[in-house]
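Okay, structure first, notes after.
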Amino acid sequence: EVQLVESGGGLVQPGGSLRLSCAAARSTFDDYPMAWFRQAPGKEREGVAAIDLDGRTTYAESVKGRFTISKDNANNLLYLQMNSLRPEDTAMYYCAADMLPVYDGRWSKVRGVNYWGQGTQVTVSS
């Protein structure tokens, strides 16, 4: 069974930064593309960023230039570096693995995700 454990969420002021982490087994990193999703209160879950097995990355338009997804293969960690945070970035952030292909954009379809973490809350507020 694939287990994903997020950490790093918290309260930050607008313009600030946070780094989220997702811990998983080595096999998860070797076998599956991975991604970050988020869900704000009253809104649908949406894809934020994804990374495929070759290390290629893609981002939602709303976070391009501000967020960076990366993998630490030595320590089996997936990261989401979030800079220039805005109040509209406030949401529960979820780590995901094994979803639809990254290269054609379908990775962001929530129904295509097979494994989810429990989520970590990010609140951007002054």
Side-chain angles (χ1 to χ4, degrees):
E1 182 179 348
V2 173
Q3 289 189 322
L4 306 169
V5 181
E6 303 98 330
S7 61
L11 173 64
V12 63
Q13 292 187 341
S17 298
L18 277 176
R19 188 177 75 166
L20 305 183
S21 300
C22 173
R26 180 71 202 181
S27 57
T28 302
F29 278 77
D30 288 344
D31 295 344
Y32 302 123
M34 299 184 74
W36 289 95
F37 286 71
R38 67 185 181 186
Q39 187 166 18
K43 294 189 176 181
E44 294 186 352
R45 193 171 297 190
E46 63 176 359
V48 174
I51 185 166
D52 67 13
L53 292 176
D54 294 321
R56 291 172 294 196
T57 60
T58 187
Y59 298 90
E61 285 295 326
S62 59
V63 305
K64 276 184 181 178
R66 301 188 298 122
F67 290 12
T68 303
I69 187 171
S70 62
K71 291 169 67 174
D72 178 351
N73 291 321
N75 294 298
N76 301 336
L77 291 168
L78 177 73
Y79 295 116
L80 184 67
Q81 177 67 45
M82 305 185 294
N83 299 328
S84 301
L85 283 161
R86 305 167 180 169
E88 54 263 39
D89 295 317
T90 295
M92 186 72 79
Y93 283 72
Y94 297 92
C95 178
D98 192 16
M99 61 276 186
L100 293 174
V102 174
Y103 74 92
D104 63 5
R106 291 187 294 153
W107 65 272
S108 62
K109 293 188 180 298
V110 173
R111 289 184 178 181
V113 176
N114 286 317
Y115 303 108
W116 294 100
Q118 83 287 352
T120 186
Q121 178 67 37
V122 173
T123 302
V124 184
S125 175
S126 55

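Just so you know, these numbers use all the heavy atoms, side chains as well, and skip hydrogens, waters and symmetry mates. Note that this is a predicted model, so its numbers are computed, not measured.
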Taking the side chain as every heavy atom from C-beta outward, state whether Ile69 and Met34 have any atom pair closer than 4.5 Å. no

Hydrophobic cluster identity match, Leu77 and Met82, side-chain contacts under 4.5 Å: no

Would you say that Leu4 contacts Tyr94 through its side chain, given a criterion of any heavy-atom pair below 4.5 Å between the two side chains? no

Kindly give the heavy-atom pair with the smallest separation between Phe29 and Cys22, and that separation in Å. CZ-O, 4.2 Å

Suppose we screen for side chain to side chain contact (heavy atoms under 4.5 Å, CB included). Which residues come up paired with Arg26, at least two apart in sequence or across chains? Asp30, Asn73, Asn76

Any residue meeting side chain to side chain contact (heavy atoms under 4.5 Å, CB included) with Gln121, in chain and number order, not counting sequence neighbours: Thr90, Met92, Thr123

Could you check Leu78, Val102, Thr58 and say which one makes a side chain to side chain contact (heavy atoms under 4.5 Å, CB included) with Ile51? Leu78

For Val113 against Ala96, the heavy-atom pair lying closest together: CG1-CB, 3.7 Å

Go through the structure and list residues passing salt bridge (charged side-chain N to carboxylate O under 4.0 Å, His left out) with Asp98, not counting sequence neighbours. none

Nearest 0.5 Å, what's the CG-NZ distance between Leu53 and Lys71? 6.0 Å

So does Glu44 have more than 12 non-hydrogen atoms from other groups sitting under 6.0 Å from CD? no

Looking at every non-hydrogen atom in both residues, tell me the closest pair between Met99 and Ala35 and how far apart they are. CE-CB, 3.4 Å

Which atom pair, heavy atoms only, marks the closest approach of Ser126 to Pro14? N-CD, 3.7 Å

Donor-acceptor under 3.5 Å (Glu6 side chain, Gly119 main chain): yes

State plainly whether one hydrophobic cluster holds both Tyr79 and Val12, where clusters connect Ile, Leu, Val, Met, Phe, Trp and Tyr through side-chain heavy atoms under 4.5 angstrom apart. no

Here the pair of heavy atoms bringing Ala49 nearest to Tyr59 is CB-CD2, 3.5 Å

If I compare all heavy atoms of Glu61 with all of Lys64, which pair ends up nearest, and what's the gap? OE2-NZ, 2.7 Å

Quick check: does any side chain N or O of Ser108 sit under 3.5 Å from a backbone N or O of Gly47, one acting as donor and the other as acceptor? no

Are Phe67 and Asp89 side-chain neighbours, meaning at least one heavy-atom pair lies under 4.5 Å? yes

Spacing of Tyr32 atom OH and Ser27 atom OG [to the nearest 0.5 Å]: 7.5 Å

Under 3.5 Å donor-acceptor, Asp52 side chain and Asp54 backbone: yes

Heavy atoms, side chains only, cut-off 4.5 Å: are Val2 and Trp116 in contact? no

Any heavy-atom pair between the side chains of Leu20 and Arg38 that's under 4.5 Å? no

Measure the acute angle between the ring planes of Trp107 and Phe37, then classify it against the limits of 30° and 60° as parallel, tilted or perpendicular. perpendicular

